[in-house]
Amino acid sequence: MGYLNERLRSELVAMAENDLSVREELIADESLTNQGYHPRMEAVHKRNASRLTLIIDRCGWPGVSLVGENGAWAAWLIAQHAIGNPPFMRRCLGLLKQAASENEAPRWQPAMTEDRIRMYEGRPQTYGTQFQPDKNGAFVPYTIENPENVNERRRAVGLNTLEEKIAEIRE
């Protein structure tokens, strides 16, 4: 196990907070729509992915023992939002799977990242973590591979049932 790196933890948390605050601003002024990747959001995601790449190259995946739970969550969020850089997302997925196997990341993080990659590649997701609006604007799960077993897969990575998640989203 490593040690808690407070400077790195603070930097990752600030990067994630900036990502989320820009997203909230763009939602509030209604400029973040399904009409493509907003240039301001894309710039934040690119900058964060670039910095996380350097961190990973230097330290490996920033897991819980290195940057604490909120720092590790922030690193995952940055990877999850790097939609313009599929090779980086795939690299992070491999690192997240390894981190989860070493209890350095929760098992749901690589599951969500894998589903996100699959969705952006046009393939069915495995865990049912990615949603999209239907024709009426209600959020529904993106296509799921072997949907009859999705709740077993979700439980195996620490997620609630798909039905519970759908009810949460619609609240």
Reported [atom1]-to-[atom2] distance for the pair [X] and [Y], which is rounded to 0.5 angstrom:
X    : Y    : atom1 : atom2 : answer
T161 : E152 : OG1   : CD    : 12.5 Å
N70  : S10  : CG    : OG    : 8.5 Å
E17  : L12  : CD    : CG    : 11.0 Å
M119 : I117 : CE    : CD1   : 11.0 Å

May I ask you to decide whether [X] forms a salt bridge with [Y], counting only side-chain N to carboxylate O separations under 4.0 Å?
X    : Y    : answer
K165 : E168 : yes
R91  : D57  : yes
R9   : E69  : no
E11  : R51  : yes

Could you list the residues that satisfy salt bridge (charged side-chain N to carboxylate O under 4.0 Å, His left out) with R154, not counting sequence neighbours?
none

If you look at every heavy atom in R107 and A100, which pair is closest and at what distance?
CA-CB, 4.1 Å

Going by the rule side chain to side chain donor-acceptor pair (under 3.5 Å), which residues pair with R116 if we only count those two or more places apart in sequence or in a different chain?
Q130

For W61, enumerate each residue passing the side chain to side chain donor-acceptor pair (under 3.5 Å) test, keeping only those at least two apart in sequence or located in another chain.
none

Output side-chain donor-acceptor pairs under 3.5 Å for residues 134-144, partner residues at least two apart or in another chain, one line each.
| unit_1 | atom_1 | unit_2 | atom_2 | d |
| --- | --- | --- | --- | --- |
| D134 | OD1 | N136 | N | 2.8 |
| D134 | OD1 | G137 | N | 3.0 |
| D134 | OD1 | A138 | N | 3.0 |

Tracing side-chain contacts under 4.5 Å among Ile, Leu, Val, Met, Phe, Trp and Tyr outward from V64 reaches none

Of L54, L52, T53, which meets side-chain contact (heavy atoms from CB on, under 4.5 Å) against I56?
L52

For Y127, the option from R118, M112, E114 that meets side-chain contact (heavy atoms from CB on, under 4.5 Å)
E114

For H45, what residues pass the ring pair (Phe, Tyr, Trp, His ring centres under 6.0 Å) criterion, not counting sequence neighbours?
Y37, H81

Decide yes or no on side chain to side chain donor-acceptor pair (under 3.5 Å) for Q109 and T113, but give the supporting numbers first.
CA-CA 6 Å; Q109 289 181 351; T113 302; over 6 Å; no

